[in-house]
Every structure is written in structure tokens, then in C-alpha cells.
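Below is one structure, written out as C-alpha cells; comments come after it.
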Amino acid sequence: MKIVIVGGVAGGATAAARIRRLDETAEVVVFERSGYVSYANCGLPYYVGGTIQDAGELTLQTPESFWERFRIRMQVRHEVRAIHPERKTVTVCALDTGEEFEEPYDKLLLSPGAMPTKLRLAGGDSDRVFTLRTVEDTLAIHTFIKEQAPKTAVLAGGGFISLELAENLRKRGLEVTIVQLDPQLLLPLDPEMAAFLHGEMRRNGVRLLLSHTVEGFQPRANGVQVLLKDADPIQADLVVMAIGVTPDTHLAKEAGLELGVRGSIVVNDRMETSVPDIYAVGDAVQVRQLVSGQETLVSLAGPANKQGRIAADNICGLDSRYTGALGSSVLKAFDLTVAATGLNESAAKKAGIPCDKVYLSPASHAGYYPGGTVMTMKVLFQPETFRLLGAQIVGYDGVDKRIDVLATAIRAGLTGPELAELDLAYAPPYSSAKDPVNMAGYMMENLRRGLLKQFFLEDADALPRDGSVTLLDARTPQEFSGGTMEGFVNIPLDELRDRLDEIPRGKPVYVLCQSGLRSYLACRILSQRGYECRNFSGGYRLYQTVRQDRAAAKQARPCGMEL
């Protein structure tokens, strides 16, 4: 059996190695149009910044090592130009010589990945405008910085690559501006969670121009002007277009394969396309979102590797199935860690799924052990059933551990209250006896039992200030003096039982504290004395972060933008 694989990075390389482990006699040839195989896309920004200093570390294997270990032909600088399903061949061009030839196959696996989304913008062909997707892209940016010593950079787009590159360019001493079409960075986050990320980027000297559009580029002496819609241009020495990726599926389209979301390749759970003996994996394929059940794109290395293994199994006669993806992700942004899994609130509403939520701000480990830091968690669930829908976490330590536990819980079909039952490892340097994931479960258990009622950030400004409700801040006087929500009066939690006569009977009480814990305790005191009480989920810390973010966004607007 002869297997031809188009694309030798995540999905393609994984499939090739798995095929060899299953079938020692199969002939396997991989065509990769770049000069590198099995490289780590996610590591590319860190070579630009110097964290990874040897370019060779970016590649996990080479064509030579693949041949030595697996006897697989890795043909780099070879581009597949056409697929001919009727005669089971592909047309290949050797890019270094221009020679074209046809290669036959018994089974064909497509792993072409995705291309940086490119807009047809005036001046986009400038030698100062780059994209970042391949090792060659990385080397080009690295060489430009080394030879030209740029001082300023503009990054168009606010996704993973742009944020990682921003950090690494700042490490190289560049002034960095991110221009983002949407009003926030990192769309897997909901806006209020993205506010923490925005603050970290700004604290580290990255200028954010949100809700802005790049319209083109004009060359200038020793630089380029980035033209913005309805705003003054920005001068830069270096520009990187990182506005997203588009499935690279022109070959599939021309060969008559069925296409789906955004032109992606439609596959079944065996990774088979609509044409017999042709499989597809990775960023180019349409997959099922596990929570919503809807078809989507997930451009992440983890799913691509899993799909490559599953396709290889099926090519070799096994029966493996890909059931879908949660889209779990984690990002390092300077000192901050940002992670998400499943659906965010916006996606749940768009999918028509009823959605409730809890916020909490636990410490990364036991409070009495030095060095603990606060993380902010948002866990989403379906009302009544308490089915888990997704989670987002921002913090400085222990974030990756908790998002992985939550992703596992969603995959396993646990309900929110069942998180309280998880037996998680504990020692003071690593966690608390009640882990943050357990705490999220306790909160949802309290909601299910009617012991907790909440109000949220989006409700705060609409609260009546006419005396028909009581607005109570349960923090200390010192905290209260540093700022509170409009109309809230201060009665510290520890004084509440002795000052109940200051809280009118017969009126709903809305309670605020710094994180939501003390206000919950205040609500329990009041509820057992006949008050109707609601706790502000997320606390003043969340409220203040969002307000500061909105103010900073307004101040960052360039001339010409209306406020």
C-alpha cells in the first residue's frame, strides 16, 4: 500500500509516524512545500524574541531523521499542485527545479493546514510587512530585526500569535502597537475576562488600538505608515499581519471534495472526505464543537495531532473515531496566563444554549504558604441541568492545571455541582484543601439548592438608585474608601450582625465585596433573617478591572476617532 501525505507539519507528520508503527511494509511519502517538517508553529514567536535561540530547536524532526527512524520519504520544497481522484495521483512541483511530476497513491491524506488570512491592502507587498506561520516567516522576521534594528512594530490582529509576538518583540526592545478590529483581544474570552489581559499588555508597554481596522500601507523613508479607517495613520518600522488563518483548501475544492465552514474540508468521524481513499486532518478540516454540537474550525495543534493519529489508524485498517473538539487553549502573556475551554458566553448564546455562570477569585495555593497569587475564573453552565459549557481563567500560577481539570470534566459529562466531588491533589505549595475547581462546584451546588442568588456586571449600572433597594458594600472601610459602585453604602461583613437595624426590611439587598466571598457570607446572614439578597458575582475587583479597561481604551484612540 502506498500512502501520499500532503503537508508535513502537525497532522501530517503525526499520521506518517503512526502509519509506520502500524504497517512496516507501507510506502509512505510526504510532500511539504516549505523547507521544514514537523516544526512547532507555537514556538515561532519565541525564536523571534530570543527565548529559543537555536532555530534548529523549532523542528522536532528533519527529513533525514524521519528516513533514518521510519523509512518515510519527506520531500520538502515540494508542492502538490493538483489531485486527480479518478486516477489516484497527485501533481507535484519540485520548487527548487520547477520540475512537475505525477505521484500515484492508494490512500491520500491531506494536511495542508491554514494560511495567514491576507487582505488585499494597498502596500501589503512592502518588505516591511510580514506574516508569521512558517519557519521561513520566522527567520525572515528574525533577520530583519537583526539587520535593520527596528524600533517600532505594528501587529494587525489580536489572537494567539499576535499576543505572543507582542511579548517577544517587547523583549527585543521594540515599541509595539496591536491594531484589532474587534473591541477586545483573544476572542475565546468573554469581554470582561479579556479586560485582565488588556491590563497586562498595557502594563508591559503594548499599545492597544481596539475596534480599529487596517486599510493599507504607505512606504516612508526607513519605515511604513499603517493606514487606519477613520483615524490617523501609525508610523512603524515593522508590520506583522496576524489577523487570523484561513483553511488552505484550494486543492480539495479543485478536486471536488465537499467543503464546509469557511471553505474547510468536510470529513466524517474517521477523518474520511467525501471522495473515497482521501482523508484530511488539521486546520483545514471542519470538526464538531463538543459542547454545542455545531460544525466549526479549531486551529490548534492538539486536535491536529489527534486527527492525524486517527486517520492513520483507519488507513491501516483499524477503526478510530474523532468525536470533536472543545478548543482548549492556554496563552502566556508576559507574566499572565490566560486559558479557556469549551464555549464562552457569547458562543453559547449564539448557539441558542441557555447559559448561567459563576465567577470566583481563588488563590493559586494555600494562603498561608508564601507566593500565592489570585486567579479569576469564569465557569459557564446550563441552568436547571447544570451541564458544564465552558470555562475561562486568567492568573499567574496554576491556571493551566485548573483549565485542564475543567476541560476533562466537560469531556466526561460532569455537571457543575459534581466538580465539588473531584478528589484533587493538595499540598500547600500547589493548591488548597478546597481546590479552586472544587470551589466552583460548591458555588453551583449553592445555586442549585437556592442558597445563592447572583447579580452580574451587566446588571450593576441598571440597579435602581432611588431607595427601592438596598445597595450594600461588605468590604472594610479602607477598601471602601478606595472606590465602590455608585450608591453602595458600607457595612463591613464582621459588623453586619450588629448593624442589621441599618438595613431596611422589605427591600431587596444587593451585596458587593472585593471578590464575591464576603458578600456571599453577608447574603447568608441576611437571608436567614428574612431578607431577599443577591451577591455580586466577580466582586469589585472584576468591576474595577472592566471600568479601567474601558477608560484606557478610550484614551488610546488615535486622532480622528470619535469617542
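Summarising the geometry, atom CG belonging to Asp356 is positioned 8.5 Å from atom CD belonging to Glu345; distances are rounded to the nearest 0.5 Å. The distance from the NZ atom of Lys401 to the CG atom of Asp397 is 10.0 Å, given to the nearest 0.5 Å. The structure places CZ of Phe66 at 3.5 Å from CE of Met74, a figure rounded to the nearest 0.5 Å. Here Leu187 contributes atom CG and Leu189 contributes atom CG; the two are 8.5 Å apart, rounded to the nearest 0.5 Å. In this structure, OG1 in Thr138 is found 6.5 Å from CG in Leu58, a value given to the nearest 0.5 Å. Between atom CZ of residue Phe70 and atom CZ of residue Arg21 there is a gap of 6.0 Å, rounded to the nearest 0.5 Å.
A donor and an acceptor atom, one from each side chain of Asp190 and Gln392, are located under 3.5 Å apart. No side-chain N or O of Tyr47 forms a donor-acceptor pair with one of Glu57 less than 3.5 Å apart. Between the side chains of Thr143 and Glu147, not a single donor N or O lies within less than 3.5 Å of an accepting N or O. Counting only N and O atoms by type, the side chains of Ser65 and Glu68 include no donor and acceptor under 3.5 Å apart. No hydrogens or angles considered: a donor-acceptor pair under 3.5 Å links the side chains of Glu200 and Tyr396. Side-chain contact annotation: Thr134 with Ser34, donor-acceptor N/O pair under 3.5 Å absent. Side chains of Lys350 and Ser292: no donor on one and acceptor on the other come within 3.5 Å. Gln61 and Ser38 are not linked by any side-chain donor-acceptor pair at a separation below 3.5 angstrom, with hydrogens and angles left out of the test. Judged purely by distance below 3.5 Å, without hydrogens or angles, the side chains of Asn305 and Thr14 pair a donor atom with an acceptor atom. Side-chain contact check for Gln289 and Gln294: no donor-acceptor pair (N or O, by modelled atom type) lies under 3.5 Å.
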Go through the steps for Met377 and Leu406 under the test side chain to side chain contact (heavy atoms under 4.5 Å, CB included), then give the verdict. CA-CA 11 Å; Met377 301 174 61; Leu406 288 164; 4.0 Å; yes
Chi angles and distances behind the side chain to side chain contact (heavy atoms under 4.5 Å, CB included) call for Arg288, Thr296: CA-CA 6 Å; Arg288 186 172 72 92; Thr296 188; over 6 Å; no
Assess whether salt bridge (charged side-chain N to carboxylate O under 4.0 Å, His left out) is satisfied between Glu164 and Lys332, documenting all intermediate values. CA-CA 7 Å; Glu164 291 168 344; Lys332 177 184 180 298; over 6 Å; no
Ile410 vs Val291, side chain to side chain contact (heavy atoms under 4.5 Å, CB included): CA-CA, chis, key distance, verdict: CA-CA 8 Å; Ile410 296 171; Val291 178; 3.9 Å; yes
Evaluate the side chain to side chain contact (heavy atoms under 4.5 Å, CB included) criterion for residues Glu24 and Arg71: first the C-alpha distance (whole Å), next the side-chain angles of each, then the deciding distance (0.1 Å), finally the verdict. CA-CA 9 Å; Glu24 185 66 19; Arg71 289 301 186 265; 5.7 Å; no
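Within 6.0 Å of atom CD in Glu86, more than 12 heavy atoms from other residues, nucleotides or ligands are found, so the atom counts as buried in its surroundings. Surrounding NZ of Lys2 are more than 12 heavy atoms belonging to other residues, nucleotides or ligands, all under 6.0 Å away. Atom CZ of Arg262 sits in a crowded spot, with more than 12 heavy atoms from other residues, nucleotides or ligands closer than 6.0 Å. Within 6.0 Å of CG in Asp423 there are 12 or fewer heavy atoms belonging to other residues, nucleotides or ligands.
Minimum heavy-atom separation, Gly308 to Val281: N-CG1, 3.9 Å. The minimum heavy-atom distance linking Ser274 with Glu258 is given by the pair OG-N, 2.8 Å. Ser264 and Leu297 get closest at one heavy-atom pair: CB-CD2, 3.3 Å. Between Ala347 and Leu343 the shortest heavy-atom distance is CB-CD2, 4.1 Å. Ile83 and Pro85 get closest at one heavy-atom pair: O-CD, 3.3 Å. The minimum heavy-atom distance between Ile72 and Ala16, with the atom names listed, is CD1-O, 3.2 Å.
Electrostatic pairing of Asp248 and Arg33 counts as a salt bridge here, judged by a charged N lying under 4.0 Å from a carboxylate O. Taking a cutoff of 4.0 Å between a charged side-chain nitrogen and a carboxylate oxygen, Asp404 and Arg402 do not qualify as a salt bridge. Under a 4.0 Å N-O distance rule, the pair Glu32/Arg77 does not qualify as a salt bridge. The residues Lys378 and Glu192 are annotated as salt-bridged, a charged nitrogen and a carboxylate oxygen being separated by less than 4.0 angstrom. With respect to the salt-bridge test (charged N to carboxylate O, under 4.0 angstrom), the residues Asp106 and Lys88 do not qualify. Salt bridge status for Asp313 with Arg270: absent, with no side-chain N to carboxylate O gap under 4.0 Å. Residues Glu103 and Arg73 are paired through a salt bridge, judged by an N-O separation under 4.0 Å between the basic side chain and the carboxylate.
Within the 4.5 Å cutoff, side-chain heavy atoms of Leu186 are placed close to those of Leu331. With a 4.5 Å cut-off on side-chain heavy atoms, Val245 and Arg133 count as touching. Using a 4.5 Å heavy-atom cutoff, the side chains of Ser364 and Met375 are in contact. Taking the side chain as every heavy atom from C-beta outward, Arg207 and Val176 never approach each other to under 4.5 Å. Residues Val48 and Ile145 have side chains in contact (heavy-atom distance under 4.5 Å, counting atoms from C-beta outward). The side-chain heavy atoms of Leu163 and Leu197, taken from C-beta on, include a pair separated by under 4.5 Å. Taking 4.5 Å as the limit, some side-chain heavy atom of Met193 sits within range of a side-chain heavy atom of Val394. The shortest side-chain heavy-atom distance between Asp277 and Leu108 does not fall under the 4.5 Å cut-off.
With hydrogens and angles ignored, the 3.5 Å screen pairs no side-chain donor or acceptor of Glu79 with any backbone N or O of Cys93. Formation of a donor-acceptor pair under 3.5 Å by the Asn314 side chain with backbone atoms of Met271 is not found in this model. A donor-acceptor contact shorter than 3.5 Å links the side chain of His212 to the backbone of Leu210. A donor-acceptor contact shorter than 3.5 Å is absent between the side chain of Gln75 and the backbone of Phe31. Proximity of a side-chain donor or acceptor of Gln286 to a complementary backbone N or O of Val261 within less than 3.5 Å is detected. The backbone N or O of Ala26 lies less than 3.5 Å from a partner atom in the side chain of Arg20, making a donor-acceptor pair. Using modelled atom types, one side-chain atom of Thr273 and one backbone atom of Ile278 make a donor-acceptor pair closer than 3.5 Å. Of the possible donor and acceptor atoms, one in the side chain of Asp54 sits under 3.5 Å from a partner among the backbone N and O of Gly56. A donor-acceptor distance shorter than 3.5 angstrom exists from the side chain of Thr117 to the backbone of Gly244, with no hydrogens or angles considered.
For the side chain to side chain contact (heavy atoms under 4.5 Å, CB included) with Val214, the qualifying choice from Leu181, Leu209, Ile243, Leu228 is Leu228, the only one to do so.
Between Tyr39 and Tyr36, the angle of the ring planes goes over 60°, which puts this pair in the perpendicular group of the 30/60° scheme. Between Phe101 and His78, the two ring planes are perpendicular [angle over 60°; tilted spans 30° to 60°].
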